[in-house]
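Below is one structure, written out as structure tokens, with a few remarks after it.
In what follows, residues are counted from 1 in the order of the sequence shown.
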Amino acid sequence: MDLDLLASGKVREVYAVRDHPSQLLMVATDRISAYDRVFDEPVIDKGRLLSAISATAFMSISDRFRTHFISIAEDVAPHFLGRATLVERATMVPVECVARGYLVGSAYELYRRTGEVQGVKLPPGLSFGDRLAEPIFTPTTKESEGHDQALTSAQLRHRHGTEVAQALEELTTEIYQALAAWFRERGLTLVDSKFEFGWIGDQLALADEIATPDSSRIVRGEPGANPVWLDKQLLRDWLSQQGFRGDGPAPSLDHEVITRVRSAYIEVYESLSGRSFADWPGESRAYRGVASPASSR
């Protein structure tokens, strides 16, 4: 497969497929980020795990929603195997579409102060980890640098028009509900999740990665006051314990937190797929990115 590097992000590389201009190859690395920092220490197998979880999730909803997912790529170099996803090109909408089914994180802090979350009024008396009567839609901007900015539904309509804004909200909510039910059947809770969409022809398609521990909050069982996190919240909590919340020098990740994150991601994949991660393609190695190859075959 002949490839040209198009973009290198915090944790992923994107390649153009020369023989198929309508396709891209998305390669997930073992890099991990939090608080807008990318850490020097990789989480071994993280790229393979993100690709495995996302592919499993895409296939679970492919009969109900338009997505950009084609397949896990097999005709690739060994260092890409198991972490490379073949997708359709899409013209992306620069919005992070977040659905929240439970009151946690920044949403809980906003609710405590104001009784609402990004313009969505919530009933009084809710506690941390409570399940919401209906999922709420809390979009943000998608910034190339710095923090994404929260948007109300009115601001989203102003930026992208009523029709597109309504479609993004409806699709986000419907996809979240479908995935949340699927998670629940497998003993997990999809607490909240971030989605991205792009235009393929005249259709809005679900793109990027979905339902991964990087793009979602996931717990074993129900959240409650003391949730058992199976996502990147494990890393954020550890960093907070070290006194780091994005400012100043970042600590080095120790072996214990790296192992906990990797084990949590494996639990998510194996719970959702019903398969052993040991059977997923590729070798257990840290992939930190390579120069754009003339050919990765």
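- Taking the charged nitrogens against the carboxylate oxygens, Arg12 and Asp208 do have a contact shorter than 4.0 Å, which makes a salt bridge.
- Considering CD1 of Ile70 and OG1 of Thr85, their distance stands at 10.5 Å, rounded to 0.5 Å.
- The heavy-atom pair separating Gly115 from Lys121 by the smallest distance is O-CD, 3.8 Å.
- A donor-acceptor contact closer than 3.5 angstrom links the side chains of Asp45 and Ser284.
- Interatomic distance, Ser215 OG to Ile210 CD1, rounded to the nearest 0.5 Å: 8.0 Å.
- Within a 6.0 Å sphere centred on CZ of Arg186, heavy atoms belonging to other residues, nucleotides or ligands number more than 12.
- Between Glu283 and Arg48 no salt bridge is recorded (no basic side-chain N to carboxylate O distance below 4.0 Å).
- In this structure, Val164 is a member of the same hydrophobic cluster as Leu171, with clusters built from ILVMFWY side-chain heavy atoms closer than 4.5 Å.
- Listed for the Trp182 side chain is no donor-acceptor partner under 3.5 Å among the backbone atoms of Ser60.
- Under the 3.5 Å distance criterion, the side-chain polar atoms of Thr212 are left unmatched by any main-chain donor or acceptor of Leu50.
- In this model, a donor atom of one side chain and an acceptor atom of the other lie less than 3.5 Å apart for Arg100 and Thr138.
- Rounded to the nearest 0.5 Å, atoms CZ (Phe183) and OG (Ser193) are 7.0 Å apart.
- Between Glu270 and Arg275, no side-chain nitrogen of the basic residue sits less than 4.0 Å from a carboxylate oxygen of the acidic one, so the salt-bridge criterion is not met.
- Between Arg217 and Asp231, no side-chain nitrogen of the basic residue sits less than 4.0 Å from a carboxylate oxygen of the acidic one, so the salt-bridge criterion is not met.
- Taking NE2 of His68 as the reference point, atom CG of Leu86 lies at 10.0 Å (rounded to 0.5 Å).
- In terms of heavy-atom proximity, Leu230 sits nearest to Val219 at CD1-C, 4.2 Å.
- A single hydrophobic cluster is seen to contain both Leu126 and Tyr108, as judged by linkage of ILVMFWY side chains at heavy-atom distances under 4.5 Å, directly or through other members.
- Here the side chains of Thr141 and Pro94 are not in contact, with every heavy-atom distance at 4.5 Å or above.
- A salt bridge links Asp30 to Arg83: at least one charged side-chain nitrogen sits closer than 4.0 Å to a carboxylate oxygen.
- In this structure, Glu13 pairs ionically with Arg31, as a charged nitrogen and a carboxylate oxygen lie closer than 4.0 Å.
- In this structure, a donor-acceptor pair under 3.5 Å is absent between the side chains of Ser127 and Tyr111.
- Counted within 6.0 Å of CZ on Arg159, heavy atoms from surrounding residues, nucleotides or ligands total 12 or fewer; the atom is thus considered open.
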Exercise for the section: Could you give me the CA-CA distance, side-chain angles and deciding distance for Tyr265 and Asp214, then say whether side chain to side chain contact (heavy atoms under 4.5 Å, CB included) is met? Expected result: CA-CA 9 Å; Tyr265 284 34; Asp214 271 19; 2.5 Å; yes
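- Judged purely by atom type and a 3.5 angstrom limit, Thr67 has no side-chain atom pairing as donor or acceptor with the backbone of Ser62.
- Shown here for Leu179 and Ala211, the closest heavy-atom pair between the two residues is CD1-CB, 4.2 Å.
- Judged by distance alone, the side chain of Glu170 and the main-chain N or O of Ala167 form no donor-acceptor pair under 3.5 Å.
- With hydrogens and angles ignored, the 3.5 Å screen pairs no side-chain donor or acceptor of Tyr102 with any backbone N or O of Pro223.
- Applying the 6.0 Å contact sphere to CD of Glu185 captures more than 12 heavy atoms from other residues, nucleotides or ligands.
- Using cut-offs of 30° and 60° on the angle between ring planes, the pair Phe244 and Phe39 is perpendicular.
- Tyr176 places none of its side-chain heavy atoms less than 4.5 Å from the side chain of Val98.
- Taking 4.5 Å as the limit, every side-chain heavy atom of Glu88 sits out of range of all side-chain heavy atoms of Phe69.
- Environment of CD in Glu74: sparse, with no more than 12 heavy atoms of neighbouring residues, nucleotides or ligands closer than 6.0 Å.
- Within the 6.0 Å centre-distance limit, the rings of Tyr287 and Phe80 are counted as a close aromatic pair.
- Nearest heavy atoms, Ala84 versus Val27: CB-CG2, 4.1 Å.
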Practice task
Tell me, with the steps shown, if Ile53 and Leu272 meet side chain to side chain contact (heavy atoms under 4.5 Å, CB included).
Solution key: CA-CA 8 Å; Ile53 294 166; Leu272 294 176; 4.2 Å; yes
Exercise for the section: Please step through side chain to side chain contact (heavy atoms under 4.5 Å, CB included) for the pair Val117 and Leu122, ending with a clear verdict. Expected result: CA-CA 8 Å; Val117 180; Leu122 295 175; 3.8 Å; yes
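- Arg89 has its side chain within reach of Leu6: a pair of non-hydrogen atoms, C-beta onward, lies under 4.5 Å apart.
- Residues Ile32 and Leu235 are in side-chain contact: their nearest non-hydrogen atoms beyond the backbone lie under 4.5 Å apart.
- Side-chain contact between Pro139 and Glu96: absent, with no pair of heavy atoms (C-beta onward) separated by less than 4.5 Å.
- Leu24 and Phe58 fall into different hydrophobic clusters, where Ile, Leu, Val, Met, Phe, Trp and Tyr side chains are chained together by heavy-atom contacts under 4.5 Å.
- Without hydrogens or angle criteria, Ser276 side chain to Ala278 main chain gives a donor-acceptor distance under 3.5 Å.
- Proximity of Arg66 to Leu206: side-chain heavy atoms (C-beta onward) are nowhere separated by under 4.5 Å.
- Residues Val261 and Val268 fall within the same hydrophobic cluster, defined by Ile, Leu, Val, Met, Phe, Trp and Tyr side chains chained together at heavy-atom separations under 4.5 Å.
- Closest approach of Gly248 and Arg37 over heavy atoms only: O-NH2, 2.8 Å.
- If you check the side chains of Glu169 and Thr172, you find no donor sitting under 3.5 Å from an acceptor.
- With hydrophobic clusters built from ILVMFWY side chains whose heavy atoms lie under 4.5 angstrom apart, Ile44 does not share a cluster with Val257.
- Side-chain contact between Trp238 and Leu253 is present, with heavy atoms from C-beta onward closer than 4.5 Å.
- Scanning both residues, Gly246 and Tyr35, for their nearest heavy atoms gives CA-CB, 3.7 Å.
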Problem - Steps toward side chain to side chain contact (heavy atoms under 4.5 Å, CB included) verdict (Leu151, Thr140) - result: CA-CA 5 Å; Leu151 295 170; Thr140 72; 5.5 Å; no
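- Atom-to-atom distance recorded for Glu222:CD and Leu188:CG is 11.0 Å, nearest 0.5 angstrom.
- Here the CE atom belonging to Met1 is positioned 12.5 Å from the OH atom belonging to Tyr15, to the nearest 0.5 angstrom.
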